[in-house]
Amino acid sequence: MKPKKQFFTTPIYYVNAKPHLGHAYTSITADVATRFNQMNGVETFFLTGTDEHGDKIVQAAQDQKTTPKEYADNISKLFQDLLPVLNVKNDLFIRTTDPDHIKVVNTVLSKIYDSGDIYFSSYEGLYCFGCERFYQERELVNGKCPDHGVAPKTIKESNYFFKMSKYQEWLINHIKTNPDFITPTQYKNEILSFLKEPLEDLCISRPKSRLIWGITLPFDEDYVTYVWFDALVNYISALGYPDGDLFKKFWPGTRHFVAKDIIKPHGIYWPIMLKAAGIQIYNGLNVHGFWNVKGSKMSKSIGNVTDPIKVTDVYGIDPFRYFLMREMVFGLDANFTEETIVSRINSDLANDLGNLFSRVLSMNHRYFDGEVKGADTAVEKEKSLSLSSPAKKAIDDFKQAMSLCEFHKGIGAIWQFISIMNKYIDTNAPWTLAKDEANIPTLKTVLYNLIEGLRVVSCLIYPIMPETSLKMQTTLCIAKDNNKFYTLEEISPWGQIEKGTVIAKPDILFPRIDTDKVISKNNKKNSAARC
Ligand SMILES: [Zn+2]
């Protein structure tokens, strides 16, 4: 049965650095999924936020000669300010320094502690300060942390441990019996293969003697909570666990969106924490790949970290959202270059969609002064001019792909229909029909079908390009009073544009971008960077 309520989340972003392209992608993806589900009749709640505790924040604050809280306030604000820039419509923004969140972390810790799944023990191990965690020898690459490339230090201390090993078999079984729990499949397999090795218990505390910027353990005030144990709880503290209305309404109908580097805490720690605390397990984890810039993973040292605000400034919000969702196959890595953005904007947006929109409406002006004449049903039938079947196929394929987070395929279904309409114009050649009075009923029918097709396209692009959707609908005189989207059910019936409607001359939806200019500008930038 289709769930009628669904909770969408991004990870809470760690405030040790400013937002980059990867954060923008996760947020936009979760936003697109949320908007699509709303179109599909689902009631949604969409959460994002920032993760603000831990060693790295203390260090970053020290570097900037400020306090951890002030530092976290500043960076958290950058993440909050980015949301409207990307047209991401979240329902709530959570911060792990919020008092309500801290209270829930305490509740969850106490529950697990009381059940006997947390124990105190002395431990000597290899600790990476960058990762804020202990490493097993077998996890290291040439004796070094795989993420930081530095050798971890041997430290010995007494800490609290969470009995993850106790739940290993349960988790394997849960993953195997719930095929949609971790998607796409390659990530489910990655977690299952990791679970072939015995699971170590998780060290969930840090002594205050070396870290104070965290949530104090409810059962020992000399320790703070390990940052992941604190952070993951945001997904239920935001909903007001245990008694909040939102929690009762939306949990566990959850889709967590994360990048592949944090699959382990989300696919292993989090379900086991929930199980140990006696809380229902979330529905699903949707994992995406990395954006490579200039051929490699974004990193400060390579200097290829891409600022999403700059990209939207240059190309606009909708083209940026379109590019990200169309270019990346959800789950796999993708390459980000300005040349590919420009090429997508020019071919898919300016050429395929933008030209179609302006050609159809301009012809309707040329031949009928902008008035929608309606289809002549007899002619339509005789000459098989209806576009209702390809429109229905576009809606069905779009729905199917988007439900599976196959966003590039969902967009592909719309563009397939756009391409059919462009060919339909060439085949039926309205400019030739217009020359002969006897062909006017055919001309009316052809233009009516094209305008109806544009209606369907304007509605379907909504989750990906909300502004363009509204702009097209306003021109077509079908924008709803409150500018609300159309549901899939409302879109489906063919023939909704009313006869007699007068449609204004269209504005250009997407101006073409001069490829040479962008490339030469980039070359200049690159040579300047080398000097
Ligand atoms: Zn590390």
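Whatever order the structure lists them in is the order used to number ligands and atoms, beginning at 1. From a predicted model like this one, the values you see are computed outputs, not experimental measurements.
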Would you compute the distance between atom CG of L239 and atom CG of L92 and round it to the nearest 0.5 angstrom?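 One finds 8.5 Å between CG of L239 and CG of L92.
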Working to the nearest 0.5 angstrom, can you tell me the gap between K188 NZ and K176 NZ?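 These two atoms lie 9.5 Å from each other.
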Counting only pairs under 3.5 Å, give me each side-chain donor-acceptor contact of residues 223-232, with atom names and distances, residues two or more places apart or in other chains.
| residue | atom | partner | partner atom | Å |
| --- | --- | --- | --- | --- |
| Y223 | OH | S158 | O | 2.8 |
| T225 | OG1 | I215 | O | 2.7 |
| D230 | OD1 | H101 | NE2 | 2.7 |
| D230 | OD2 | H53 | ND1 | 2.6 |

Taking only residues two or more places apart in sequence, or in another chain, which ones meet E467 in a side chain to side chain contact (heavy atoms under 4.5 Å, CB included)?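 Expected list: N87, I317, D318.
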Does D222 have any side chain to side chain contact (heavy atoms under 4.5 Å, CB included) partners at least two apart in sequence or in another chain, and if so, which?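 Scan of D222 (side chain to side chain contact (heavy atoms under 4.5 Å, CB included), adjacent residues dropped) gives D220.
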Counting only heavy atoms not in K56, do more than 12 sit closer than 6.0 Å to its NZ atom?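 Enclosed: over 12 neighbouring heavy atoms sit under 6.0 Å from NZ of K56.
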Leaving waters out, which protein N, O or S atoms fall under 2.8 Å from the Zn ion (ligand 1)?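 Per the 2.8 Å query on the Zn ion (ligand 1), atoms found are C128 SG, C131 SG, C145 SG, H148 ND1.
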